[in-house]
Amino acid sequence: MENDSQLKKEKWSWLNHKPDNMININCSEEDNFFKWWCIIMTPIIKLTPREIDLMACLLKQRFELSKKIPDATLIDSLLMNHDTRQKILDECKISLEHFYVLMSNLRNKGIITESGIRSELIPQISKDNNGYCQLLFLFKDSFIK
């Protein structure tokens with residue numbers, strides 16, 4: 001049986017490893033970025049095409065709010081307010097009823113919680129990264145050592 005220090009060492013050993021493969025996705029507009037983000041996450045969180053559209057729109061609105069508001073809790077509460085919801089309905093071209101159905105689906109999948117969008121599903125975008133946002137998938141094959 002491994003001790004705690006061995007487990008900690010193994011858990012963070014990926015930091016010493018450079019990526020084996022890299023795919024570059026060029027996005028010309030913010031909408032495309034958030035849609036691509038959701039499309040790439042789809043195999044993991046199982047989104048339908050309409051859920052992708054809604055999720056991309058939610059992420060875009062959240063990003064716009066984050067440009068003006070530094071507090072993530074406040075951003076999440078504003079994201080679900082009436083004015084923001086109306087922007088999302090207009091942008092996604094869906095009815096309020098359809099919006100509620102899609103939001104219910106996202107809640108049932110654990111994508112949206114009481115506190116907002118699950119944090120690991122929110123892209124970390126900053127001006128310091130020269131327009132790049134990285135998403136890291138770690139695959140560990142237990143048969144290869």
Side-chain angles (χ1 to χ4, degrees), residues 2 4-142:
E2 297 176 316
D4 286 342
S5 63
Q6 287 173 317
L7 287 174
K8 286 179 185 176
K9 183 179 176 185
E10 183 179 318
K11 181 179 178 183
W12 297 104
S13 66
W14 61 269
L15 287 172
N16 298 324
H17 184 76
K18 293 185 179 173
D20 297 310
N21 300 317
M22 186 175 86
I23 297 172
N24 186 21
I25 300 172
N26 291 318
C27 302
S28 58
E29 299 174 18
E30 287 175 2
D31 322 90
N32 289 339
F33 169 78
F34 293 109
K35 188 153 185 173
W36 270 108
W37 180 269
C38 293
I39 289 168
I40 289 168
M41 298 300 279
T42 295
I44 298 162
I45 56 177
K46 311 290 186 222
L47 296 174
T48 66
R50 291 305 285 166
E51 290 168 349
I52 289 171
D53 291 341
L54 177 58
M55 193 64 194
C57 199
L58 285 167
L59 289 170
K60 179 184 175 192
Q61 290 300 320
R62 190 181 191 293
F63 175 69
E64 292 299 324
L65 289 169
S66 74
K67 289 180 180 176
K68 301 170 191 159
I69 303 166
D71 182 9
T73 307
L74 183 57
I75 291 170
D76 289 329
S77 66
L78 289 173
L79 185 60
M80 299 301 165
N81 78 10
H82 176 73
D83 294 335
T84 308
R85 183 175 54 224
Q86 192 57 51
K87 285 180 188 177
I88 292 168
L89 293 174
D90 294 342
E91 192 171 322
C92 290
K93 297 177 177 75
I94 58 174
S95 68
L96 185 60
E97 294 79 18
H98 195 191
F99 172 80
Y100 286 134
V101 168
L102 293 172
M103 288 295 286
S104 177
N105 293 346
L106 294 176
R107 282 189 188 93
N108 290 338
K109 292 177 181 185
I111 295 166
I112 297 195
T113 64
E114 287 185 26
S115 59
I117 300 170
R118 255 180 37 208
S119 61
E120 64 269 16
L121 302 177
I122 300 170
Q124 301 301 310
I125 303 168
S126 72
K127 291 182 180 181
D128 300 338
N129 293 337
N130 297 322
Y132 287 96
C133 179
Q134 298 178 45
L135 175 63
L136 177 66
F137 289 95
L138 294 174
F139 294 90
K140 182 178 180 194
D141 187 340
S142 59

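- In this structure the side chain of Gln86 never reaches within 4.5 angstrom of the side chain of Phe99, judged on heavy atoms.
- When every heavy atom of Ile75 is checked against every heavy atom of Ile69, the shortest pair comes out as CD1-O, 3.1 Å.
- Closest heavy-atom contact between Trp37 and Ile122: CZ2-C, 4.2 Å.
- Salt bridge Arg50/Asp53: present, at least one basic N to carboxylate O contact under 4.0 Å.
- Atom CD of Gln61 is separated from atom CD of Glu91 by 6.0 Å, given to the nearest 0.5 angstrom.
- Contact of the Ile112 side chain with the Met103 side chain is registered, since non-hydrogen atoms from C-beta on lie closer than 4.5 Å.
- Rounding to the nearest 0.5 Å places NZ of Lys68 at 12.5 Å from CG of Leu74.
- Lys109 and Ile45 make their closest contact through CD-O, 3.9 Å (heavy atoms, listed as atom of the first residue, atom of the second, distance).
- Residues Arg62 and Leu58 have side chains not in contact (no heavy-atom distance under 4.5 Å, counting atoms from C-beta outward).
- Annotation: the span from Leu89 atom CG to His82 atom NE2 amounts to 9.0 Å, rounded to 0.5 Å.
- Summarising the geometry of Phe34 relative to Ala56, their closest heavy-atom pair is CB-O, 3.6 Å, with the distance given to 0.1 Å.
- Of all non-hydrogen atoms in Leu47 and Cys38, the two that sit nearest each other are CD1-O, 4.0 Å.
- Taking OG1 of Thr113 as the reference point, atom CG of Leu106 lies at 11.5 Å (rounded to 0.5 Å).
- In this structure the side chain of Asp76 never reaches within 4.5 angstrom of the side chain of Ser115, judged on heavy atoms.
- Going from atom OG of Ser66 over to atom CG of Leu78 covers 11.5 Å, rounded to the nearest 0.5 Å.
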- Task: Give the intermediate values and the outcome of side chain to side chain contact (heavy atoms under 4.5 Å, CB included) for residues Leu79 and Ile117.
- Result: CA-CA 10 Å; Leu79 185 60; Ile117 300 170; 3.8 Å; yes

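- In this structure, CD1 on Ile111 lies 6.0 Å from CE on Met55, to the nearest 0.5 angstrom.
- The two atoms that bring Met41 and Glu120 nearest to each other are CE-O, 4.5 Å, heavy atoms only.
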